[in-house]
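Working notes, structure below.
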Protein chains: 2
Amino acid sequence: MAKQKKDLSTEEKIKEAARKVFTSKGFAAARTRDIADEAGMNLALLNYYFRSKEKLFEIVMIENLLHFISGIQTLLYDTTTSIDEKIDNLTNYYIDQIIEYPDLPLFILNALKSNSKFLKGKLNKNIMLNSHFMQQLQEELKKNKKKIKPLHFVINTFSMIIFPFVARPLLMEVALSKDAEFIELMNERRKLIPVWIKTILRS
Amino acid sequence: MAKQKKDLSTEEKIKEAARKVFTSKGFAAARTRDIADEAGMNLALLNYYFRSKEKLFEIVMIENLLHFISGIQTLLYDTTTSIDEKIDNLTNYYIDQIIEYPDLPLFILNALKSNSKFLKGKLNKNIMLNSHFMQQLQEELKKNKKKIKPLHFVINTFSMIIFPFVARPLLMEVALSKDAEFIELMNERRKLIPVWIKTILRS
DNA sequence: GTCTATATTCTGATAGAC
DNA sequence: GTCTATCAGAATATAGAC
């Protein structure tokens, strides 16, 4: 269970409020006053604890990104799971995560596009390429005599999981009518995506 | 070939500049001064021709969205092409489009998330469901005795095409090192995506 | 229609009391 | 550490001359 707001230090309260506001509105649209209000305190304290709006954003951005990446570390570096289990776990984990934090994917995509300077060197360049999952993919492709870069299958998996969430408003506009239909669709995909990934890997 | 800037009316010049600035920076980060500068004229003219920044954005947003959708209309409603040809055409068309207008997808995803009120009723609710492509998908699934919503395959196709582009900065951070590698990857996908889609449709 | 100058509001940041 | 009050600059919008 999440910690109660009242248990948090002032600094933590601000960071938590900033995370919420920045993640839902992005850097430019967020107002420092919104963050102060959300934290239940005065605007001046933001600049007392953090030097500026930019500094605060940088912290939120890095934490959001690391939160997102940590799932990759945990799941894709697990040497005890098979490639099929990894695909299952990845799909379920990220669908759960995005249902819980629906604004996270678009926030990260935007932040990286506009502010990638912030994290120069902060990310492990080869986190993907060195993973156990990537090794297993390579073996599997070799076994099936496929001359395709394993990275394609990582991209396919994340694409099929994440894209429908970020395109949700468009989907609602052109193909669905109720929120429940979208959730139903994503729960269908929870089972379908692993099947599809395994199929294109081996057929 | 695109029309020369000098041939455009003042109103068109502003709209063109607004499209460029809004599409690359989004509504909140865009400055009306940037737009005026980009159009090579004075700030006051923006408010003379369009009432406000919001109105101008609304126009740009709808035009961008319709530009994106028009490809769907053209390709997915073509009754002379087979389902396989449609998948090939869709992949090539949208990869070409996004290479030409790389900021368009993220702009649309953001705009729809934050400003979907702007286009209430402006979009054909069933543009996807009524398409010839959707009928062909339905037949194909029936032929292969699959009880899966055809919409999933539309989502899969667009996901595998568009997602790598919007995640390009992340990909560059965790798996690639040169821009040329990304372009190479997308050109590989140009051939691979149709194969994958047809495989999961039939296997 | 187009420009310069200016009004008005918003916003990030700070000064200074407590 | 926290608050109130306020500053300085930015940004949108408009007035008014040409």
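Scope of the values below: all heavy atoms of this structure, side chains included, with no hydrogens, waters or symmetry mates. Sequence lines set the chain letters: A, B, ... in the order given, protein chains first and strands last, and positions in each chain run from 1.
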### Task
Respond yes when some side-chain nitrogen or oxygen of Y48(A) is under 4.0 Å from OP1 or OP2 of dT2(D), and no when none is.
no
#### Entry: Residue-phosphate contact under 4.0 Å: T32(A) side-chain N/O, dT11(C) OP1/OP2
no
Using the test ring-ring contact (aromatic ring centres under 6.0 Å, His included), find all partners of [X] that sit at least two apart in sequence or belong to another chain.
X	result
F163(B)	none
F158(A)	Y94(A)
H67(B)	Y101(B)

Distances for protein N/O vs nucleotides 4-6 of chain D N/O pairs under 3.5 angstrom?
from   : atom 1 : to     : atom 2 : distance (Å)
dT4(D) : OP2    : N42(A) : ND2    : 3.2

To the nearest angstrom, how far is [X] atom [atom1] from [N] atom [atom2]?
X	N	atom1	atom2	answer
N47(A)	dG1(D)	CG	C1'	14 Å
M41(B)	dT2(C)	CE	P	7 Å
L46(A)	dC3(D)	CG	P	11 Å
L45(A)	dT2(D)	CG	C1'	5 Å
D37(A)	dC10(C)	CG	P	15 Å

## Note on the structure
Sequence neighbours excluded, the answer for side chain to side chain donor-acceptor pair (under 3.5 Å) partners of T23(B) is N64(B)
### Task
Check salt bridge (Lys or Arg N to Asp or Glu O under 4.0 Å) between R202(B) and all other residues, then give those that pass, not counting sequence neighbours.
D84(B), E140(B)
### Those residues that, when tested against R168(B), pass salt bridge (Lys or Arg N to Asp or Glu O under 4.0 Å) (two or more places apart)
D179(B)
### Task
Could you name each residue pair satisfying salt bridge (charged side-chain N to carboxylate O under 4.0 Å, His left out) that touches residues 68-81 of chain B, not counting sequence neighbours?
none
### Query
Which pairs, with at least one residue in residues 155-167 of chain B and sequence neighbours excluded, count as a salt bridge (charged side-chain N to carboxylate O under 4.0 Å, His left out)?
none
### Task
Sorted by first residue and then second, give each ring pair (Phe, Tyr, Trp, His ring centres under 6.0 Å) pair with at least one member in residues 177-203 of chain A; sequence neighbours left out.
F165(A)-F182(A), W196(A)-H152(B), W196(A)-F153(B)
### Contacting residues from residues 50-61 of chain A, given that a heavy atom lies under 4.0 angstrom of DNA chain C
S52(A), K53(A)
### Task
To the nearest 0.5 Å, tell me how far N187(B) CG sits from I99(B) CD1.
6.0 Å
### Summary
Correct closest heavy-atom pair for M160(A) and I193(A) would be O-CD1, 3.4 Å
### Given dT2(C), dA13(C), dG12(C), the nucleotide with the shortest approach to the side chain of Y49(B)
dT2(C)
#### Entry: Residues within residues 21-30 of chain B bordering DNA chain D, heavy-atom distance below 4.0 Å
A30(B)
